[in-house]
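Note sheet for the following structure.
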Amino acid sequence: MHVDIPRVLVWPNQDIFKHGILAGFPASFGTAENLSKFLMYCRSKGKNGWPNVCYAIWESYAQRHFNMSHDLARLFFESCRHICMSMKDTSAWEDRYAACSSEDTRSRMRDKVSVNTIHLALYMYSQNVTLMQTQKFSLRSEEFPTDRKAKKKSIDVRFIETFLSDIIHILSEPDSKGLPLDKQSMTISNITSLGIMFTVYTENSIRPLHEVLQQQSHATVCSFSKLTQSFNTQQVRTWLLDHMHANPFTSKRCLMHGKTVYQKPGRPLRRSSDISLDNGSTNTLTRCRITVNDHETPKEHRLLAMQYVSRQISVLSPETLLNHRVHVTHCNDASVYLLSSMKCISVKQCSRTTLVTGPVSGTLYLTGCINMRIISIARRIVLRNCHGCKLYILTPTRPLLLAGCNDITLAPYNTFYRGLAGHLSHANFTVVRNLWDQPASPMCPDGDGGKVYQKLPPEQFHLFSIPFNTEGTTTGLVNKLPPEYEEGTLRARERVNKWYDNVQKCDLSETQTAQLASTLQARFHDWLETSGHHKELEALIKLRDKS
């Protein structure tokens, strides 16, 4: 009897390969042999090293065997932890950390925090994908595939296909490492750990790798033994390669085939070569387009893509954004409000734009951005090749400033909207600590920011007012400002109140009051013109009229 086998697609986990790769840091220590030795060492440490490794064990090993600094070891460990663990688990840890009564207790708690040992080893190995981009990969002796089909594949897919044997070698049991793959077996536990590297799509949903492989049709192909509860290693490798596929739910596809939320005709360019559209073709129009792929995508990969928003204000409803991955690209001289709970946000090649977001349960990743103002709450914030950006942020992890970043200004989160508390709860985001002023950068390992970043002077700090109403109960900041910034906002408020008091004490006549009002209005219009804010005000008026 013929049985239809459901179509299965496997692609590299984008949370790791898009948002978890710390470009600019050395990755040469991450060979399969080195990481196998690390796993053997962790096994010898008992419950502190296996199946979860605590930070103290990792730091000691990384400093002695990988020549890592304390800061770099913590950076890799915390990045892996926040990518591989659920927001609910990390929020629970943050609550316990906040309840500690002394710094010694907090220090001990930081040393005891742990991650899955195999997940950490696989995460460290995945960092080598950056070396593959420069064709300087030396983990194995064979050359890179040079056929045309291989060149068309994304780097993460090529990396997996080329080095899948090494990845499996890391997972091998110590007593079977010398055997050929067809003589080795992989337990369900190992398959579960391996699943962190992949996204598996079948029957219109995302499923864990170990669940799919245990389905009868796939278990037979992979020689699953019910007696030993294990799979043949070679068959698992072959199965993964046979089902390997590029991520079908990309922003490119979303923009080309997604459901349109907003679209605006483009403006002509001087030369068609000035722009390359996401589909690879050139066009003489820059078309503002916002699309979603909800109609064809499982809920785990729902995406909203936005491109070429220019000289306008873009406000999207919370329902449109809820639980979505958001991709923003090529936005200039705009204001974008993404006020909802989202999984992750990727911002690429934008300039002179204000981006205000609700809670991001994953990573906010900025690439190639210039003179941006970012106001966001995010579990993790990463910048790469960014210049002149100001970040007003609330984050429980250290912001990562990777290669190519300079003149980055950091400040605490400075706004709120009425629905913020509900979105924080939906994202399992607990406001306990804010590490906005403790960035990590490969260009300043000694902790001196230099030209890479600086803190915003308190006298330049102002609260940001969102210029429209939303539903909810939040009426003030959800984070406590540092004393110097709190004092700065109070002084600014006092200056305004003092000015009003002085005007009232002058006891002006009606004519004088009218002259003062006229002068103030003229000065205000001059300021709007010179600062460029008149365009933003006009956009707000249009937005109000439409609503």
Side-chain angles (χ1 to χ4, degrees), residues 1-17 32 35-36 39 43 50-52 83-86 116-123 125-126 153 156-249 296-301:
M1 179 180 178
H2 175 71
V3 178
D4 290 329
I5 300 177
R7 187 185 183 198
V8 177
L9 300 180
V10 179
W11 61 87
N13 182 354
Q14 300 301 288
D15 289 334
I16 289 180
F17 285 95
L35 293 171
S36 294
L39 293 183
R43 290 175 186 269
W50 196 267
N52 295 327
I83 287 175
C84 298
M85 291 180 65
S86 68
N116 182 283
T117 311
I118 295 180
H119 287 176
L120 180 57
L122 293 176
Y123 175 72
Y125 189 82
S126 69
K153 295 178 180 178
D156 52 358
V157 171
R158 288 167 52 203
F159 175 80
I160 291 293
E161 290 181 341
T162 306
F163 300 103
L164 183 56
S165 295
D166 284 354
I167 293 171
I168 291 176
H169 174 75
I170 295 173
L171 296 174
S172 301
E173 299 295 329
D175 56 354
S176 63
K177 285 189 179 294
L179 300 175
L181 288 182
D182 59 348
K183 301 296 183 182
Q184 295 183 28
S185 60
M186 297 184 69
T187 64
I188 293 178
S189 176
N190 283 345
I191 294 292
T192 303
S193 298
L194 180 63
I196 197 67
M197 298 285 283
F198 303 104
T199 299
V200 183
Y201 175 75
T202 180
E203 298 178 336
N204 297 319
S205 65
I206 303 297
R207 302 283 298 279
L209 176 62
H210 65 279
E211 288 186 7
V212 174
L213 286 183
Q214 288 183 82
Q215 295 175 0
Q216 183 176 356
S217 55
H218 302 297
T220 301
V221 172
C222 295
S223 303
F224 177 67
S225 170
K226 292 184 178 180
L227 181 64
T228 61
Q229 292 290 294
S230 62
F231 301 84
N232 180 272
T233 301
Q234 180 61 45
Q235 296 298 333
V236 170
R237 177 183 179 276
T238 301
W239 185 91
L240 286 170
L241 292 177
D242 288 344
H243 292 84
M244 191 61 57
H245 192 277
N247 177 15
F249 307 121
E296 63 175 5
T297 312
K299 62 181 181 179
E300 296 88 351
H301 277 263

Could you tell me the separation between the [atom1] atom of [X] and the [atom2] atom of [Y], rounded to the nearest 0.5 Å?
X	Y	atom1	atom2	answer
Ser205	Glu300	OG	CD	7.0 Å
Gln235	Thr220	CD	OG1	11.0 Å
Ser126	Asp156	OG	CG	10.5 Å
Phe224	Gln229	CZ	CD	4.0 Å
His301	Gln14	NE2	CD	7.5 Å
Met244	Ile160	CE	CD1	6.0 Å

Within residues 179-208 or reaching into it, pairs that qualify as ring-ring contact (aromatic ring centres under 6.0 Å, His included) - sequence neighbours excluded: Tyr201-Phe249
Residues which pass side-chain hydrogen bond (donor to acceptor under 3.5 Å, both in side chains) with [X], listed by chain and number, not counting sequence neighbours:
X	answer
Ser185	none
Glu296	Arg253
Thr228	Ser225, Ser230
Asn190	Glu173

Please name all residues satisfying side-chain contact (heavy atoms from CB on, under 4.5 Å) with [X], sequence neighbours left out, ordered by chain then number.
X	value
Thr238	Gln234, Asp242
Gln214	Ile188, His210, Phe231
Asn13	Asp15, Ile16, Thr199
Lys299	Arg302

Is the shortest side-chain heavy-atom distance between [X] and [Y] below 4.5 Å?
X	Y	value
Leu209	Leu240	yes
Pro12	Val157	yes
His245	Arg7	yes
Trp50	Leu39	yes

Closest non-hydrogen atom pair between Ser36 and Ile170, with its separation: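 Looking at all heavy atoms of both residues, the shortest contact is OG-CA, 3.7 Å.
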Non-hydrogen atoms of Arg158 and Lys153 that approach each other most closely: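 Minimum heavy-atom separation between Arg158 and Lys153: CD-O, 3.5 Å.
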Contacts of type ring pair (Phe, Tyr, Trp, His ring centres under 6.0 Å), residue Trp239, not counting sequence neighbours: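 Applying ring pair (Phe, Tyr, Trp, His ring centres under 6.0 Å) to Trp239 gives His218, His243.
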Pair Leu171-Leu122, side-chain contact (heavy atoms from CB on, under 4.5 Å): steps then yes or no: CA-CA 9 Å; Leu171 296 174; Leu122 293 176; 4.3 Å; yes
Aromatic plane relationship, Phe159 with Tyr125 - under 30° parallel, 30 to 60° tilted, over 60° perpendicular: tilted
Short side-chain to backbone donor-acceptor contact, Ser193 and His119, under 3.5 Å: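 The answer is no, because no donor-acceptor pair under 3.5 Å joins these two groups.
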Listed once per pair and sorted, the salt bridge (Lys or Arg N to Asp or Glu O under 4.0 Å) pairs that draw on residues 208-221, sequence neighbours left out: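 Qualifying pairs: Arg207-Glu211.
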